[in-house]
Structures are given as C-alpha cells and as structure tokens.
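Shown next, in structure tokens, is the structure this report addresses.
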Amino acid sequence: MTRLFASAIFCLALFATQFSFAQEAQFPLVKGFGGIFEVPDATERPDGSLDYYILVDMSTAAEDNAEISRWVDNVARMMNLHGLAGVSKDRMHVKVVVHGGAIATVMNNEVYQKRYNSDNPNIAVYKALEAAGVEILVCGQSMRARTLEKADLYDGAHVALSALTTVTTYAPKGYTILKF
C-alpha cells in the first residue's frame, strides 16, 4: 500500500510540474496581441516604479503581407512584458515611427487590398497599441517615395516629417531607441 501511495504522489507531482509549464499567453497592456508568458526564474525584470520612454524605429517589412507583421506584434510584446512586470500603462511612453519596408503595415484596408489582395491584419494590432497609449508615427518621406497620402493610412496613424528627424527629436529627450 505504501508503494501505491508513493506512486500516486509521484504521478500527482509530475502532473503538477507539467501543468505549471503549460501557461496561457498573457496580455496585460495590449489586449489580444503580443502574448507573453511569466518566467518565474527571471531575476532581471522591468521596474514598475520607473517611467519608460521608448521610440521604436520600425523599418522591417513583414515576411507575409497576409499575416500580422512580427515586428508590429513585437511592439505589443514589449508593452506586455513591461506590464507583466508591474509597469502600468501610464508609465509607458511609447512612440513607433514606421518607415521603409514597414510602411505597408500602416496602409488602410482599401489601399492594402489593392496592393496585396488581403485586408491589412496589422490595423487591429495598431488599434490595440493605441488603446494602450502608443502613438504611431509614419515617415512622410517614406510615404512620398511610395506615393502614399495621409488618406491611404489607417485612421490612427500620424504623419511625421521623417523617421530620421523623429529619432533625432526623441533621442535627446531621453527616449530609448529600439530598432525593429
């Protein structure tokens, strides 16, 4: 009987161990996108008492225009990782400047469908990012090079003179620059 009891305890412990690794993705700041997971062993974590000033310099194109760009989703992941560590939405000051190959991610559905025969899957992510307080800026120079107008962008995007001047404006203000 003792042996049966020990086997049952072992099986229960094994099940509990497996269950602890089978987490579901979490979305603390950007709802529905950029899912992240708790890492109990992490000793390096964002500080919930700090304000984070981040400028994401996004120029990398999506691998497949019919799917959400991993780079757009990565902005949501970055936000959610900070949120998981206890950084509140009001302490996250994030701007994304979109240029170069990434410019397609900010096109409205009508323009996107003409170019890629697909709805723009990134708009929903950008909307969720905006709801979390992120500002989306689009390089006006990249727009001109691709014959895009403000009306060709999804309705939440803001036009900047250029990505170059956006970076040089926010770097001296203490923003950390992340290149995607």
Side-chain angles (χ1 to χ4, degrees), residues 25-36 44-63 65 67-109 111-112 119-180:
Q26 297 180 45
F27 307 89
L29 296 181
V30 181
K31 304 305 177 198
F33 299 99
I36 45 91
E44 176 60 37
R45 301 172 72 84
D47 182 344
S49 69
L50 295 178
D51 279 82
Y52 288 84
Y53 294 87
I54 302 166
L55 177 67
V56 177
D57 177 2
M58 185 185 310
S59 63
T60 307
E63 291 176 23
N65 288 314
E67 295 180 9
I68 293 170
S69 166
R70 66 181 273 215
W71 305 108
V72 176
D73 195 58
N74 211 32
V75 177
R77 288 185 67 241
M78 184 265 307
M79 292 285 295
N80 284 332
L81 286 163
H82 282 81
L84 183 70
V87 180
S88 62
K89 181 171 107 170
D90 63 312
R91 290 190 172 275
M92 294 295 296
H93 311 279
V94 177
K95 297 179 184 301
V96 178
V97 61
V98 180
H99 62 107
I103 200 94
T105 65
V106 292
M107 292 176 182
N108 67 35
N109 266 332
V111 173
Y112 202 86
D119 283 342
N120 185 345
N122 299 289
I123 293 173
V125 186
Y126 281 127
K127 293 289 186 185
L129 286 166
E130 288 173 31
V134 176
E135 184 178 5
I136 309 303
L137 304 164
V138 182
C139 174
Q141 303 304 305
S142 290
M143 289 173 58
R144 297 284 285 186
R146 289 161 181 81
T147 63
L148 293 172
E149 303 287 331
K150 169 75 169 121
D152 297 327
L153 306 178
Y154 86 93
D155 62 1
H158 303 277
V159 178
L161 175 62
S162 73
L164 294 170
T165 57
T166 301
V167 171
T168 60
T169 296
Y170 287 99
K173 293 179 179 182
Y175 278 69
T176 298
I177 312 298
L178 298 179
K179 179 73 177 134
F180 288 8

To the nearest 0.5 Å, what is the distance between [atom1] ([X]) and [atom2] ([Y])?
X	Y	atom1	atom2	answer
M143	I103	CE	CD1	6.5 Å
M92	D51	CE	CG	10.0 Å
M58	F180	CE	CZ	7.0 Å
K173	H93	NZ	NE2	13.0 Å

Please list, chain by chain and in numerical order, all residues satisfying salt bridge (charged side-chain N to carboxylate O under 4.0 Å, His left out) with [X], sequence neighbours excluded.
X	value
R70	E63
D47	none
K89	none
D57	K179

Tell me every residue that passes side chain to side chain donor-acceptor pair (under 3.5 Å) with [X], counting only those two or more places apart in sequence or in another chain.
X	result
N74	R77
S69	none
N122	N120
R146	none

Mind listing the closest non-hydrogen atom pair of [X] and [Y] along with its distance?
X	Y	value
G35	A25	CA-CB, 3.9 Å
G100	S142	N-OG, 3.0 Å
A128	F33	CB-CD1, 3.7 Å
A102	T60	CB-O, 3.4 Å

Within the 4.5 Å heavy-atom criterion, are [X] and [Y] side-chain neighbours or not?
X	Y	value
H99	T166	no
V167	L55	yes
T105	Y126	yes

Against V134, only a single residue in V96, V30, L29 fulfils side chain to side chain contact (heavy atoms under 4.5 Å, CB included); can you say which? V96

Taking ring-ring contact (aromatic ring centres under 6.0 Å, His included) as the definition, give me every residue that meets it alongside Y175, ordered by chain and number, with sequence neighbours left out. Y53, Y170

Test ring-ring contact (aromatic ring centres under 6.0 Å, His included) applied to H82 - qualifying residues, sequence neighbours left out: Y52

Give a yes or no on this: more than 12 heavy atoms of other residues, nucleotides or ligands lie within 6.0 Å of atom CZ of R144. no

Under 3.5 Å, which donor-acceptor pairs link side chains of residues 149-162 to any protein atom two or more places apart or in another chain?
from : atom 1 : to   : atom 2 : distance (Å)
K150 : NZ     : A157 : O      : 2.6
D152 : OD2    : E149 : N      : 2.8
Y154 : OH     : E130 : OE2    : 2.5
D155 : OD1    : K127 : NZ     : 2.3
S162 : OG     : L164 : N      : 3.4
S162 : OG     : T165 : N      : 2.9
S162 : OG     : T165 : OG1    : 2.8

Polar side-chain atom of N80 near backbone of I36 as donor-acceptor pair, under 3.5 Å: no

Output every pair passing ring-ring contact (aromatic ring centres under 6.0 Å, His included) with a member in residues 128-147, not counting sequence neighbours, ordered by first then second residue. none

